[in-house]
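Sequence positions, counted from 1, serve as the residue numbers for this chain.
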Amino acid sequence: MHKPQNLANDPAGDAIDVEKIVSNDKSHMWHHLSQHKSLETTDPLIMVEGKGLRLRDINNKTYLDAVSGGLWTVNVGYGRTSIAKAVHDQLVKMCYFANSAGNIPAAQFADKLVGKMPGLSRVYYSNSGSEANEKGYKLVRQLAALKNNGQKHKIIYRARDYHGTTITALSSCAQSQRKDHYGPFTPGFIEIPDCLAYHAPNGNDPDYGVQAAKELEKVILREGPDTVGSIVLESITAGGGVIVPPPGYFETVSDICRKYGVLIHIDEVVCGMGRTGKWFGYQHFGVQPDIVTMAKGIASGYAAISATVTTEALFNEFLADPSEKLHYFRDISTFGGCTSGPAAALENLRIIEEEKLLDNAVVMGDYLMGRLLELQDKHAIIGDVRGKGLFVGTELVVDRATREPVDESVAAGIFADCLQQGVIIGRTNRSFPQYNNTLCLSPALICCKDDIDEIITAMDGAFGRAQI
Ligand SMILES: Cc1ncc(COP(=O)(O)O)c(C=O)c1O
């Protein structure tokens with residue numbers, strides 16, 4: 001059983017000139033997803049130190065981080081000296097060489113990783129989730145060119161899913177507020193409907209998962225099966241509202257894809273590396289992917305690394321007589337050759353195994369779900385609670401009967417209230433005009449009951465004070 005870990009009593013490190021750092025930040029930083037006008041009257045949040053699930057900011061306020069670094073990343077928790085040492089030792093030995101050559105931690109991690117992914121055997125490194133997904137799309141486009149005169153080049157994506165921030169990754173993204181003002185987008189990306197039972201007219205039908213998946217077949221037939229190369233899906237939709245596919249969904253998607261020769265690309269950027277209680281989210285469902293992408297939790301944020309993992313069959317499509325000059329995968333990623341990423345990822349994986357964190361994610365995930373269902377009995381604003389393992393969403397509604405979503409400002413208010421209490425939760429944020437109403441929890445896989453009770457107490461108080 002894991003125990004809560006605490007920060008040292010005294011703030012660690014050198015004396016910090018708080019005013020100077022805040023002033024540097026306000027003068028020169030351009031923060032992600034932030035409207036800086038609000039920072040003219042407030043100071044930015046600046047984090048300084050972490051241990052386990054606990055963080056300390058520059059003003060010595062402490063927090064319990066219930067979203068693993070704000071973005072589902074720090075799966076093994078803060079302050080892991082063994083990962084820092086593994087990275088240090090590798091960096092002093094050799095920090096970098098282009099990944100057209102090999103390096104020791106890259107080969108070692110690739111071997112360990114595919115050992116967790118039956119049916120997959122090739123690992124292509126890069127350094128962000130967006131980039132890993134783009135590699136998947138480039139493989140599909142090049143394969144189309146090599147085998148089908150470029151015809152099978154279209155890539156299908158699903159409503160509510162997110163696959164990254166670059167223009168082409170956004171082209172495969174269904175969250176309209178993330179896309180606003182960034183078009184025109186890359187052509188050849190086609191949307192299918194989501195599979196969220198809670199808002200579907202037929203969502204209570206036991207056959208809903210199969211019905212939702214059959215929308216894919218309609219779209220493939222409309223577009224022409226000869227033109228569709230792959231489908232990209234989050235195993236469990238994350239920022240789109242924590243959507244666990246209903247029973248039968250993935251099995252039916254899988255059958256349809258095999259029928260029309262469509263490759264299955266699963267985005268595990270959030271769910272990978274134990275978040276849901278299995279190594280990868282897709283392993284809960286009846287699907288065998290051709291391409292799997294991952295980032296965030298594979299090194300828990302201790303180094304930047306992402307990977308695009310494929311089958312041997314897909315890899316073999318790119319093998320040819322060297323005289324065929326354009327037949328190999330002509331892609332590169334400079335920082336895909338950093339050795340710090342695989343060194344951190346190897347140690348991260350070792351920790352997950354040694355500390356049995358998949359089991360902990362299942363047990364603590366059940367406990368978290370149970371405690372949220374208790375809150376649902378108490379607070380009418382909670383319309384739905386859904387998730388798997390330590391990845392749970394709480395959808396807020398104005399009225400349970402109509403399931404009308406609360407305004408984004410209500411979720412923002414609950415988030416701010418929890419932050420004030422020293423608990424950092426997540427929320428769907430400026431993704432869809434009407435559905436920014438889901439709170440997200442994804443504490444580190446080392447969390448224990450005391451941590452979860454603390455999160456629930458903060459949320460309980462915030463729900464009690466929420467103004468709808
Ligand atoms: C499911 C999913 N895929 C891809 C990405 C993009 O990853 P990155 O921000 O590392 O580019 C994200 C980021 O949140 C994500 O949630």
Side-chain angles (χ1 to χ4, degrees), residues 97-156 163 168-169 172 228-233 235 254 257-258 260-269 272-273 279-280 282-283 287-295 298 305-339 341-342 345-346 349:
F97 194 84
N99 216 2
S100 43
N103 66 67
I104 291 172
Q108 287 174 325
F109 181 63
D111 177 58
K112 281 274 180 198
L113 182 60
V114 299
K116 308 297 180 203
M117 310 179 80
L120 297 162
S121 56
R122 292 283 167 176
V123 180
Y124 193 94
Y125 291 114
S126 53
N127 49 84
S128 74
S130 309
E131 206 188 344
N133 283 327
E134 293 234 8
K135 308 304 183 200
Y137 306 157
K138 284 178 80 175
L139 284 171
V140 170
R141 290 274 162 100
Q142 190 176 340
L143 185 65
L146 293 174
K147 282 187 71 167
N148 302 295
N149 286 329
Q151 253 197 309
K152 250 175 133 44
H153 67 280
K154 290 184 191 165
I155 296 171
I156 294 181
H163 299 294
T168 294
S172 67
V228 180
S230 75
I231 181 168
V232 58
L233 297 165
S235 54
S254 207
C257 288
R258 296 301 170 231
Y260 297 107
V262 172
L263 294 176
I264 302 174
H265 170 165
I266 305 286
D267 178 339
E268 290 284 343
V269 169
M273 282 294 143
W279 284 105
F280 293 93
Y282 76 83
Q283 293 169 344
V287 60
Q288 178 59 49
D290 302 286
I291 302 171
V292 176
T293 44
M294 63 194 76
I298 70 171
I305 174 172
S306 63
T308 306
V309 183
T310 77
T311 58
E312 199 68 9
L314 181 54
F315 173 80
N316 284 339
E317 298 285 3
F318 292 78
L319 287 181
D321 184 323
S323 64
E324 296 196 40
K325 290 201 167 40
L326 298 182
H327 201 112
Y328 65 99
F329 188 38
R330 285 168 295 102
D331 179 84
I332 184 158
S333 167
T334 299
F335 288 147
C338 284
T339 57
L346 256 181
L349 190 146

Exercise. Any chance CG of Asp321 has more than 12 other-residue heavy atoms, nucleotides or ligands included, within less than 6.0 Å?
Worked result: yes
Exercise. Is the CZ atom of Phe280 crowded by more than 12 outside heavy atoms at less than 6.0 Å?
Worked result: yes
For this session: Going by the side-chain hydrogen bond (donor to acceptor under 3.5 Å, both in side chains) test, name the single residue among Thr168, Asp267, Thr308 that passes it with Asn133.
Result: Asp267
Problem set entry | Over all atoms of both residues, closest heavy-atom pair of Ser128 and Ala295 | C-CB, 4.1 Å
Exercise. Would you say Met117 and Glu268 make side-chain contact, with heavy atoms under 4.5 Å?
Worked result: no
Problem set entry | Least distance between heavy atoms, Ile332 atom then Tyr124 atom | N-OH, 3.6 Å
Exercise. Between Arg258 and Gln288, what is the shortest heavy-atom contact and its length?
Worked result: NH2-O, 2.7 Å
Exercise. About how many Å separate OG1 of Thr293 and CD of Glu134, when rounded to the nearest 0.5 Å?
Worked result: 11.5 Å
For this session: Sequence neighbours left out, what passes salt bridge (Lys or Arg N to Asp or Glu O under 4.0 Å) with Arg141? Give chain and number order.
Result: none
Problem set entry | From Leu314 atom CG to Phe329 atom CZ, the distance as rounded to the nearest 0.5 Å | 9.0 Å
For this session: Apply side chain to side chain donor-acceptor pair (under 3.5 Å) to the pair Ser172 and Tyr137, showing each step before the final yes or no.
Result: CA-CA 10 Å; Ser172 67; Tyr137 306 157; 2.6 Å; yes
Exercise. Is the closest side-chain heavy-atom distance between Ile305 and Cys338 below 4.5 Å?
Worked result: no
For this session: Mind checking side-chain contact (heavy atoms from CB on, under 4.5 Å) for Leu146 and listing every partner two or more places apart, or none if nothing turns up?
Result: Gln142, Phe318, His327
Problem set entry | Heavy-atom check, side chain of Lys152 versus side chain of Val140, under 4.5 Å | no
Problem set entry | Minimum heavy-atom distance Gly129-Val269, with the two atoms named | CA-CG2, 3.8 Å
Problem set entry | Atom pair CG (Asn148) and CG (Leu143), whose distance is rounded to the nearest 0.5 Å | 7.0 Å
For this session: Would you name the heavy atoms of Gly136 and Ile291 that are closest together and state the gap between them?
Result: O-CD1, 4.0 Å
Table please: side-chain donor-acceptor pairs of residues 99-112 below 3.5 Å, with sequence neighbours left out.
| residue | atom | partner | partner atom | Å |
| --- | --- | --- | --- | --- |
| Asn99 | ND2 | Gly336 | O | 3.1 |
| Asn103 | OD1 | Ala106 | N | 2.9 |

For this session: Using a 4.5 Å cut-off on heavy atoms from C-beta on, say whether the side chain of Leu113 contacts that of Met273.
Result: yes
Exercise. Within a strict 4.5 Å, meaning less than it, do heavy atoms of the Leu233 and Tyr282 side chains meet?
Worked result: no
Problem set entry | Taking every non-hydrogen atom, the tightest pair across Val114 and Leu120 | CB-O, 3.5 Å
For this session: Calculate, to the nearest 0.5 Å, the distance between atoms NE2 and CG belonging to His265 and Asp290 respectively.
Result: 10.5 Å
Exercise. Should the pair Glu131-Lys135 be classified as a salt bridge under the 4.0 Å nitrogen-to-oxygen rule?
Worked result: yes
